[in-house]
Amino acid sequence: MKRNLYQPINGGIVDIIEESSTIKSFVVELEEAFNFETGQFVELTLPGVGEAPFTPSSSPYDTKKMEITIMKAGKMTGLLHECEKGQKIGIRGPYGNGYPIDEFIGKDVYIISEGIGLASIRSLFLTLVDRISEFKSVVCRFSAKTPEDFIYKNNLFDSWQKIEGVDIQLTIEEANGTWDGNIGVVTTILSPDDVDISNAVAVVCGPPIMMKFGTLKLLEFGFSPEQIYLSMEKNMCCGVGKCGHCMMGKYYVCKDGPVFTYEQVKGHPEIWD
Amino acid sequence: MKTVLISELKPFLDALAEEMELYVPKKSGEHYVYNRYDPSANVQVEFNNIRTCTPAKEFLFPLREIVAVYPESSDPINIKPFAVFGLKQCDLRSIEILDIVFKEAEYEDSFYVSRREKMFIISSDCTQPADSCFCNVLGGKPFAQNRYDLNVSQVKDQFIIEAGSQKGKDFIEKHSELFTKTTDIILAKRDKVRIETQKQLEEINSALEFDSPVNEIVGNSQDSVVYDEEAKTCVECQGCTRVCPTCHCFYLYDTKQEDYFTKIKMWDSCMRIAYAEVAGGANPRKALGDRLRHRFMHKFSYFLERYGVDMCVGCGRCVDGEAGEVDIRKVLKKLNEELKGKDKAKAEAAK
Ligand code: FES
C-alpha cells in the first residue's frame with residue numbers, strides 16, 4: 001500500500017546545539033530509515049502545534065541521525081527553541097530536488113552564503129568534502145552579522161579551514177572588537193579570481209536580498225545564469241505540489257525546486273521577495 | 001453507449017439509493033445545493049436545469065478532513081460507495097482537473113483517491129444556463145461528454161438515461177425492469193434540446209469574444225495594470241476560490257487531542273494575504289493585485305503549461321459567489337483589450 005502523504009514519520013530530538021543567540025541545531029532520530037539528498041527539504045512536525053519546512057544541515061551520508069538548524073523567526077520556530085532533548089517530533093519528506101552534485105564534478109564549486117543560509121549549505125559542504133577529490137576546489141564565502149552570529153563556529157573558524165581543497169573566507173557585517181577579518185557584506189569578499197569561472201558552478205543560499213546581490217555580482221564576474229544555483233525559500237506546506245502555497249510563477253518550489261538555476265527563474269518577478 | 005428511458009425520476013433514484021448513499025440537488029433560494037436523498041421522504045426530486053451553487057469538489061476534497069493521526073497512525077479511511085446526481089459538464093471537467101492534481105502517480109492523495117473510486121457519477125444536461133455561465137467560451141458544453149457513469153437528459157416529461165461506463169451499464173442492466181427502450185425520435189429530440197441550450201449559451205456570451213487564445217491573453221499579462229485596477233473592487237472575501245470547482249489550495253494544521261495528535265487538511269485561498277508568506281515574514285504577493293494576477297496566471301497559464309489543460313471550466317460560480325465585484329469574464333475581456341492595444345502598438349512601431 002502506498003504511504004499516506006500526510007503521515008509523519010515519528011522521531012525525537014536527541015540533542016540540541018546552541019549555535020548563536022537565535023539559532024539552534026536539533027539532532028533528530030527517526031523510527032524509520034530516512035534518506036535524503038543534500039538540498040532537499042523536510043516538513044518537521046511539532047506535535048499538536050504544526051509543521052514547517054527545513055533543509056537538513058547534516059550530511060546525507062549520516063543516515064542514523066539528521067540535524068536541522070533552526071533560527072527563531074516566528075511562532076513555530078519559537079516553540080521549537082523551547083523544546084528540550086527527548087521532545088517527540090515528526091518528519092515528512094524528503095521533498096524537492098537536491099543539488100545536482102554529479103554535475104559539479106571536476107569543477108570549482110563556489111559557495112556564497114549568509115546567516116541562517118549556512119544551515120543547508122553545511123549539508124552541501126559536508127557532502128562535497130566527503131568526496132573532495134572529485135572536485136577541483138570548494139571555495140566558500142560566508143558572512144554573518146557579528147562573529148557570534150556565525151553558526152558552526154568551531155568548524156568554520158578551524159577544522160573546515162584545514163581541509164585540503166577547501167578555501168574559506170569569512171566576513172562580518174558589523175565591526176566588532178575582536179574580529180580581525182573583513183568587515184562588510186558578503187559581496188565585498190567576492191572576487192572574479194576566486195575560481196576559474198570557465199569551469200565553475202556557484203551556489204547561493206541565504207536571505208533574499210543577499211541572494212539577489214550575490215547573483216548580480218556573479219553575473220557581473222561573467223558567470224552564466226546556468227552556472228548559478230539558488231535554493232529558494234518559499235512557504236512550503238504540503239511538499240508534494242498540491243496545496244499551491246510554494247508557487248513561484250509556474251514553479252512549485254516544493255517539487256521543481258527548492259534548488260533552481262538562475263536561468264530557470266530569472267524571468268519571474270517574485271524570486272527575490 | 002446504451003440508452004434507456006424512464007418517465008419518472010423517483011424509481012431510478014430509489015434504486016440508486018438502495019445501493020449507495022445518494023446526493024441530489026435541492027433548491028435553496030434561487031440556487032441548487034446538494035442534499036442526501038431520502039427515499040422514504042416522498043419528495044419530488046427536481047431535475048436541476050443548471051449546475052448547483054456548491055462545487056463538486058466537496059464530494060472528493062472536503063472543506064476539512066483529518067489526513068493523519070499520530071504518533072500512532074490510524075487505519076486508512078474507509079469510504080462507502082456514494083452517488084451524486086445532477087452534475088454538469090463543467091463539474092465533470094473540474095473533476096478531470098482535480099484528478100490530475102490528487103491522483104498524480106508519484107504523490108497520490110489517498111483520501112481523494114478513495115473517494116474518487118467510490119463515487120458514482122450521474123450527470124445531467126443543462127437546459128437553462130444562467131447569465132453567469134460561460135463554459136462555451138472555454139470549449140465547454142451544456143451536456144456531459146465523458147467521465148460519467150450515467151447521464152440523464154430531460155426531454156419533455158421523460159428522461160433518457162445513458163451509460164457512460166461499465167458501472168453505469170451494469171446498473172441499467174441490473175434494473176432493466178425500471179426502464180423502457182429509447183427511440184430514434186426521442187434521441188433526436190434530446191439532440192435538439194442540446195443544440196438549443198448551446199445556442200442560449202452563445203447568446204448569453206455573445207459579447208465575450210477574444211482576439212487571441214485565453215491562455216495567451218493571460219499568459220502575457222505579467223505586467224498588466226488590470227489586476228491592480230480590479231483589486232480595488234475585490235473585498236478579499238475569498239468566495240471565488242471557495243465556490244470554484246477547480247481551486248484546490250489547502251493548508252495543513254495540527255491539533256492536539258486527549259492522547260494523540262491530528263493533521264488536518266483544509267481549503268485555503270491564494271487570495272488570502274498571508275497565503276505565500278514565509279516564517280521570516282517575507283511575502284512575495286503582499287499586494288492584492290499580485291494575488292489576483294497569480295490566481296489568473298495559475299488558472300489559465302501555469303496549469304495549462306504543466307498539465308495540458310487549463311483550470312477554468314467557465315461555470316461562473318465565482319461571478320455569482322463573491323461579495324466584491326471582480327468578474328472573471330470582464331477581467332479576461334480587459335486583458336484581451338490590453339493585449340490587443342499592445343500588439344497594435346508593436347505593429348505600428350514595426351512599420
Ligand atoms: S508546498 Fe504544497 S504545492 Fe508546494
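Naming convention: chains lettered A, B, ... in sequence-line order (proteins, then strands); numbering from 1 in each chain.
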Is there a side chain to side chain contact (heavy atoms under 4.5 Å, CB included) between A:K255 and B:E104 once you walk through the steps?
-> CA-CA 13 Å; A:K255 227 166 71 169; B:E104 190 181 34; 2.7 Å; yes
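- The parts of B:H248 that come within reach of chain A are both its backbone and its side chain, each placing non-hydrogen atoms under 4.5 angstrom from that chain.
- Between B:D109 and A:Y6, some side-chain heavy-atom pair lies under the 4.5 Å cut-off.
- Taking chain A as the reference chain and counting heavy-atom pairs below 4.5 Å, the highest number among B:D223, B:D268, B:D290, B:L252 is found for B:L252.
- The backbone N or O of B:V67 lies less than 3.5 Å from a partner atom in the side chain of A:N4, making a donor-acceptor pair.
- With rounding to the nearest 0.5 angstrom, the CZ atom of B:F250 is 7.5 Å from the NZ atom of A:K242.
- Heavy-atom distances place no part of A:M71 under 4.5 Å from chain B, backbone and side chain included.
- For A:K64, the NZ atom sits in a loose shell: 12 or fewer heavy atoms of surrounding residues, nucleotides or ligands are nearer than 6.0 Å.
- Heavy-atom contacts from other residues, nucleotides or ligands closer than 6.0 Å to NZ of B:K232 number 12 or fewer.
- Between the side chains of A:K250 and B:S301, no donor-acceptor pair of N or O atoms lies under 3.5 Å.
- With B:H298 contributing its side chain and A:G244 its backbone, the two residues share no donor-acceptor pair below 3.5 Å.
- Applying the 6.0 Å contact sphere to CD of B:Q257 captures more than 12 heavy atoms from other residues, nucleotides or ligands.
- A donor-acceptor pair under 3.5 Å links the side-chain atoms of A:Q7 to the main chain of B:V69, judged by distance alone.
- Across A:P47 and B:Y70, no two heavy atoms sit closer than the pair CA-OH, 3.4 Å.
- A:N235 and B:Y275 form no side-chain donor-acceptor contact under 3.5 Å, judged by distance and modelled atom types alone.
- Considering only heavy atoms from C-beta on, A:E51 comes within 4.5 Å of B:K263 through its side chain.
- In terms of heavy-atom pairs under 4.5 Å with chain B, the best-connected choice from A:P208, A:P207, A:C237, A:G90 is A:C237.
- B:S73 touches chain A through backbone and side chain together, each having a heavy atom under 4.5 Å away.
- Of the two parts of B:F102, the backbone and the side chain both hold a non-hydrogen atom closer than 4.5 Å to a non-hydrogen atom of chain A.
- The contact between B:K265 and chain A is made entirely by side chain atoms (from C-beta outward), counting heavy-atom distances below 4.5 Å.
- Among A:T45, A:I116, A:T77, A:I9, the residue making the largest number of heavy-atom pairs under 4.5 Å with chain B is A:T45.
- Here the CE atom belonging to A:M247 is positioned 7.5 Å from the CZ atom belonging to B:R285, to the nearest 0.5 angstrom.
- Around the NZ atom of A:K75, the shell of radius 6.0 Å holds no more than 12 heavy atoms that belong to other residues, nucleotides or ligands.
- In this structure the side chain of A:Y251 never reaches within 4.5 angstrom of the side chain of B:Y302, judged on heavy atoms.
- In this structure, chain A has no heavy atom under 4.5 Å from any part of B:R293.
- When each of A:C243, A:G74, A:G50 is checked for heavy-atom pairs under 4.5 Å with chain B, A:C243 comes out on top.
- By the 30° and 60° cut-offs, the orientation of the rings of B:Y107 relative to A:Y95 is perpendicular.
- Applying the 6.0 Å contact sphere to CZ of B:F210 captures more than 12 heavy atoms from other residues, nucleotides or ligands.
- Interface residue B:C249: backbone and side-chain heavy atoms are both found under 4.5 Å from chain A.
- Annotation: side chain of A:K88 is not in contact with side chain of B:P71 (no heavy-atom distance under 4.5 Å).
- For A:V49, the part sitting under 4.5 Å from any heavy atom of chain B is the backbone (N, CA, C, O) and nothing else.
- Residues A:V240 and B:E108 are not in side-chain contact: their nearest non-hydrogen atoms beyond the backbone lie 4.5 Å or more apart.
- A heavy-atom distance below 4.5 Å is found between the side chains of B:R306 and A:D256.
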